[in-house]
Structures are given as C-alpha cells and as structure tokens.
There are 2 protein chains.
Amino acid sequence: MSRLQAFRGNYIDTPEYGILEKFSGYLIAEDGVIRDRRTELPDGWNGEMTDFGDAVVIPSFCDVHLHAGQYENIGIGYDHQLLEWLEKYTYPTEKKFYDLEYSKSIYKRLLRELWEVGTLHFISMCTASTDSTALFMDLIAESGLEAYVGKRNTDYQITTTDNEDTETSYLGTLQLLQEKGEQYENVRYILSPSFVPGCTEEMLGRLGRLAEKTMTPVQSHLDETLSEIQLVKDRFPEISSYAAVYEKYHIIGKSRTIMAHCNYIGDDEIRLLKKHHVMVAHCPCSNLDLGSGIMPLRKLKDAGLEIGLGSDISGGHTLNLATVMKTAVEVSKLRYLANPQESPATIPEALYLATKGGGAFWGNTGSFEKGYSFDALVICDEDTGRLNLQERLEKFIYAGDYRQIKARYLKGVRLDRPCFSE
Amino acid sequence: MSRLQAFRGNYIDTPEYGILEKFSGYLIAEDGVIRDRRTELPDGWNGEMTDFGDAVVIPSFCDVHLHAGQYENIGIGYDHQLLEWLEKYTYPTEKKFYDLEYSKSIYKRLLRELWEVGTLHFISMCTASTDSTALFMDLIAESGLEAYVGKRNTDYQITTTDNEDTETSYLGTLQLLQEKGEQYENVRYILSPSFVPGCTEEMLGRLGRLAEKTMTPVQSHLDETLSEIQLVKDRFPEISSYAAVYEKYHIIGKSRTIMAHCNYIGDDEIRLLKKHHVMVAHCPCSNLDLGSGIMPLRKLKDAGLEIGLGSDISGGHTLNLATVMKTAVEVSKLRYLANPQESPATIPEALYLATKGGGAFWGNTGSFEKGYSFDALVICDEDTGRLNLQERLEKFIYAGDYRQIKARYLKGVRLDRPCFSE
C-alpha cells in the first residue's frame, strides 16, 4: 500500500536554467515521489495533508563538492594560495583522520551542519584513510542524508605529508567499493583521484579501469589554478590538456564523472567534457577564498554542460549553499565586466545550480516536477506580506540565516537533526 | 577625579597597515583612554579590573559608508545594476522616510543591528527627509554609538521619484547643521551631496561654500560604476575627471572629505585625493553585489591614501564588517590575478581597514595604542587551545558569527544593546 501525501505551500523551483517557477497550492506525493500539483485538494482526499502556511518552500540543496576531512579548517589559512595552503593546513589536518575517534567527532558535526544549512544531498572527497572513509559512510547512512563518498587517492610526490603508495591506496579503494559500495541505499561510493598532480599514471590507469569495469562514478579536480595547470603541462607535455590526461586514463569517459572548479578550462576541454557528459562542480566561494580565479559559468552553460554548486570546504569558508549561490552570482558579475559576452548569472540561475543542477547527479532531486522526490526546505522568514515570493527568496539567499529553515523533507519524510547510535 | 580601569585580555590590533600586533596582558585606561600596557597589574593597583579570560579582544568596527534609509532593502534587487536598482528599489524605499513613525521603527532596528555586529562608529548618508535625519540623530545619541550623519542632497534629474528643489534641500541641510550640529557629542553632521549625477552645479557650489565656511566634513560617492562616470563626462566635458568636479565646487579640498567606492579612479584623481587628504570608503560587498567593479586597494594604499571599510547597505547585503573584511581580501585576490603588480590584501590589512583605517575619521579609535579610546569587541569563540590567536581571528572573520561577540566597549564603558525612551 503506497503512502499518499499532500503538501500545501508557496513553492519556488527552477525546472529550467534561469526560469523561476512559483506555485501556491498542493503537491501530491506517492511514496515520497511527486505525482501531481493542484490548486485545490482533490475531492474526497483521504491521504495525509501538511500545510506549510505562509512559508517559502524550495528544493533542498545539493552540495556536489566538499572535503569532509577539512571541516575543522573552515575559515583559517586563506592568506595562502592553493598549493601552499594544501601543505600547511590541509594535509596535516587530513592526516588526523587515521584516528577514528577524532574522525567520528568531526563527521558528526559536519553531518549536523549540512542538515542545518539545508544540504540533504552531497558528494564528498574524504581523506586517504580507508577506515575513516568507511566510518563516514556508516554515519551518513545513519543520518539519512544522501551522498556519494570516496577515499582520496594521492600517491605522487606533490606532498610528503599524506601520501600512500599506489598499491595501498588502490587496495583501500577496492575494499571500500566491495564492502560499502552496495551496503546502503543512500550512500554510494565514488572513485576519488585527488588531481593529476597528486596521482601517478599507474594510479590514474588503475582507477580508470575500475571505473570502466564497475561503472563506479568518479570525482576529481580540473583547472583550478594556473600553477596547478603548469604542473600538469610540465609532466605531460605530449598530452594536449589537463582534461585530456583524465580522458587518456579513463577517469573521464567510461563512467559518470564530476570535475570541480574548471576556472581556466579551454575550449577543447569544454568539448571533451560535453562529449563525455561530465558534470562540473562550480565552487565560487573556494575560488574567491583561495584567489584561484572565476569559472566561466555562462560559457560552460552555453556549451550545454550540467553544473552544480560545491562548497568545497575548507577551500571555501562555508557549507551554506545560500552563500555559495550568492557568490556564484557575484563573481559572474565581475567576470562580465572583463568579458562582456559572458552575461552575469541571475538569482534564478543560481538556485537552479544549487538544486536541479547538482541534483542531476542523482537524477530525481532538486525540482518540484512530477517524478521528482519531494526533497524540500520550508523557509519561515519575517517578510511575509511586505515582499513578494521572489524577493523573499533573494533575501534568504543574500541576507538570510539557516535558522529560518523550519523543516527539511527528504523523499516526503521530515528529516530530523541527525543523532547517532554512539 | 579620573576613572582608572585595567582590562586583562588577549589583544589583537593593527597599529600599522598589515602589521598584526598580539598582546596578552593589561591595558590601563584613564577616563576611557588607553594610557599604558603591562604584562602584570601594577603594584598596589586600586582601580577597577576587568578580566576577559581566554576571549580574543579586537578594536570595535568603524563602518564609514552606509545608507540608513536603505536598511529594509538589504538582500533584495541585486539582479539589477546601480542606476536601475536606484530607481526600482532605493528611491521608492527612501521616500517612505517622510513618515517619521516608519523612520523610527527602521532606525531602531538598524542601530540594534549595528551594535550586534560590533560596529560602534559609523558614517551614514540618510534620505532626503530633513525631519527623518534629525530623528535619526536623536536616536543615535540615545544609543550611545558614535556617528556622522547627513541628509542626502539630490536635486538633479537623475531620478523623478525622490528629488527636492535646490532651495528646499539646501535649507534643510542648513537647518540640521544649525540645530543638530552641536547638540550631541557622539553624533555630528556631515554634508552629503548624493553624487555628481544627482546634484546641480548650484547645489554642489552651495554645499562647497558651506563646507569651507563651517569646516563641516563632507561625504559622497566617486567612480563607482562606468555608466555613472559616463554621465559625469557627458555633463562636464571640460573638467578633467569626476574628482575634479568635486574639487572645483569645494566638495573636496576645504574640509575633511570621505568618498565611497573609487573603483575606476584615475591616477590624476588619486593624486587629487592625496593632496586634499580625502579618505576613501572601500565597499567591496556592495561592489560585488551590484557588479560595480573592484577598487584598486593596493594602488590606493601605496599612494598613501587613508582607507576605511563601508558596508554600503543596501548596495551591500550585510552590515557585518567581518564579512566586508573577508570580501575585501577576496576581491583583492581576483584583482591580483589580472593585475600582478597589485598584490592581494591580507587579513591583517583588512582588520586595519575595519578599525584604525576607518577610525581615522574620528582620530582616536580603532587601535589599542596609548592615547586611543578603549573601544573594543570581546570575542568568545569555541577554538581556544586548538587555534592560535591569529587563526581565531581569521575564523571569526571568515566563518564566525556576531553572536560570539560577548561584550562591546566604547570609551571604556560596556555598551548595552540599545533601548530607546519611546
């Protein structure tokens, strides 16, 4: 027997990039999946009914790029650029995750904060610790959030502080994939080579073959900073681009792939990503905080790429995707000043990125269309009456507070603040 | 008989631009003015003693550019650029301030929020309403905050919605200056021509003569956007620059002046500002939110200009100067990518701008040096022990919360959340 629910509310979503759709009325869900929308409750309705009153209801957020092991570093070290920041702050912190008690305390805080800020779906690159990554998957399963998670593979001498040898790193990955890949419905494994400067060819090749054989998705980083791109060029002078290195080793091209940043992406690389249906994780806070650059959002959207938003903590200073949305709009305006052919992003476009755009990695979240999961944030603000629905959304994004999120729904079920069995 | 106080704490300030000074010990104040610093309490001390424990103590913030009448618009309308945003959002909202009951309700909320976020000194351009500006000065006096406030003079046809004629606007200004100019110790009047595109030559000339005669300070806007600069060029083709228009009419050059934005400032204009000791209000949040541009901070500092930070609400989306500091650092990094000779701002530099830099408009706030007023924020964070003092400051700026401010001191007196007599 299926569960029938009606939710009455003032809905805002973005079925298409840049198109804000407003609907006040009832969404009808069956087993958590939206089946219909009505302005009146159907005659003789005998299912459940929830009334969100004058709240604004939007799809819940999808954070498609974050580093769980860097949570504790949020807000510190930003006077350094990427490569020195990695050495001084990131790797020493990630190394602590071999301690599972420490790991657990951080992961619990992280999962609670993700819940708080309304991020119910996320993709995390974890640390090099196999056991810590397994623990994280267990805790996410308990939290109820939806996630893709992978152990970070780094075996090349970009750093001396947190490398594994190729064999250890690969076997840990294989173990996680076998033991945890099918264990949970809401937590899945994603292969996670750190980036070309952090991986041997052997590692890239092995992970690429694994992706091809098991159809496991892959995440990595691409074209974040100029100095990192130079490292790739110096090492692979015969390969035409950074993205082409990933393609050669089947990191791109055989299974579903998501690449973070793409600030300095070339036209050839855009075509390559488009050809292989690679999703891009746009991380504007991180790119501002570390001074990495500005992703050509308009250009990538015009090329037809699917794009989501990533907090990229702790390269980024906040988990709050409302702030990441705001920042995506802001930096696109600066980019527009220097590149008048790339028109700035709008607030409806930013909402799309944070919801349906990133949600495309799951395929059924981020929109209130029929067939989508009822995944929603109920925002209870102070401006009812004074502002229209779009302005209330704008105010929430630019100057709001996650404390205004009164309720979070995932697959039609109200999600509580995560508690853990131990 | 003078009041003697000792305050024990972990102090961070920036006596020089970019130099973070840390001191754990006692600051000794006499009648609210810092007279000494000691690592031990002086022998036989019989004054008052306050111990801030493990908190971080920094100078309180100075917001040198905000628009009190735009408070209610924070967070909305940013898909528009400056001139259309003014017409659609700003002027209609400011027009409501002819209603004094409405004015009072907004001003109270604004003053409470300024207090909350740790801004104890500010400079506000108000609306065109003379009575509302007078009311604001009364309320500020009651709040205990320190401020410069001016009625906005706009009499040129940039907008049809909120202009006065020259005579009415000037006489209102004169009235405020005469009635309110000397009434309060903590609230002073500042002449406030809106900007060149909003003023007739007659208005600029009259206000310039008034500045010269009464030595009243002046605030306005300069070089915020390219379209605004074009308006100035079209109207004054014979004058060499936007700043030179102000100089011609004695808006700059006769009394102390502060100019907001300066995103597109030319070398001649920099020299002109330097020559006349004009302070610059850097408003990076506003410039990002409205997509106006990035001020050449390094260039202006290298030229020896004094610079403070402005929230510029509601061009900017937040009153919180911690966020404005963060944003000043962030946008300077983007500017550096395109202009490698302009090195990015650092966190110590941003702290200087928000405290001693802007504080220079008062002359005795923003630093813990001898002779400065004891104006301080006591920050009670969660990272004692784990992070060093500078990292705790960084975390407060990038990812903190004004709720961590446990106490605010102005002239050695703990300032309470503002209540008003009616």
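Order of the sequence lines sets the chain letters (A, B, ...), proteins ahead of strands, with each chain counted from 1. Heavy atoms only: backbone and side chains are in, while hydrogens, waters and symmetry mates are out.
Interface remark: of the candidates Pro348(B), Gly293(B), Ser332(B), Gly293(B) forms the most heavy-atom pairs closer than 4.5 Å to chain A. Put simply, of Gln81(B), Arg403(B), Gln390(B), the one with the most heavy-atom pairs under 4.5 Å next to chain A is Arg403(B).
Contact of Ala345(B) with chain A is made through the backbone alone, with heavy-atom distances under 4.5 Å. Using a 4.5 Å cut-off between heavy atoms, Thr346(B) contacts chain A through both its backbone and its side chain. For Asn388(B), no part sits under 4.5 Å from any heavy atom of chain A, backbone or side chain. Only the backbone of Ser292(A) comes within less than 4.5 Å of a heavy atom of chain B; no side-chain atom from C-beta onward does. Neither the backbone nor the side chain of Asn263(A) comes within contact range of chain B, judged by heavy atoms closer than 4.5 Å. Of the atoms belonging to Tyr78(B), heavy atoms from both backbone and side chain fall under 4.5 Å from chain A. In this structure, chain A has no heavy atom under 4.5 Å from any part of Thr323(B). With a threshold of 4.5 angstrom between heavy atoms, Leu290(B) approaches chain A through N, CA, C or O but not through any side-chain atom.
For the pair Lys333(B) (side chain) and Leu288(A) (backbone), a donor-acceptor distance under 3.5 Å is absent. Asp289(A) places no side-chain N or O within donor-acceptor distance of the main-chain N or O of Glu330(B), the cut-off being under 3.5 Å.
Looking at Glu72(A) and Arg386(B), their side chains come closer than 4.5 Å, going by heavy atoms from C-beta outward.
Heavy atoms of other residues, nucleotides or ligands lying less than 6.0 angstrom from CD of Glu84(B) number more than 12. Residue Glu16(B) qualifies as open at atom CD: its count of foreign heavy atoms under 6.0 Å is 12 or below.
With rounding to the nearest 0.5 Å, the separation of CG in Leu337(B) from CG in Asn287(A) is 10.0 Å. Taking CG of Asn73(B) as the reference point, atom CD of Glu394(A) lies at 10.5 Å (rounded to 0.5 Å). To the nearest 0.5 Å, atom SG of residue Cys285(B) and atom OH of residue Tyr398(A) are 11.0 Å apart.
Minimum interatomic distance between Tyr89(A) and Glu391(B) (heavy atoms only, all atoms of both residues): OH-OE2, 3.4 Å. Residues Ala399(A) and Gly75(B) share a closest heavy-atom pair of CB-CA, 4.2 Å. Closest heavy-atom contact between Asp79(A) and Ile347(B): OD2-N, 3.1 Å.
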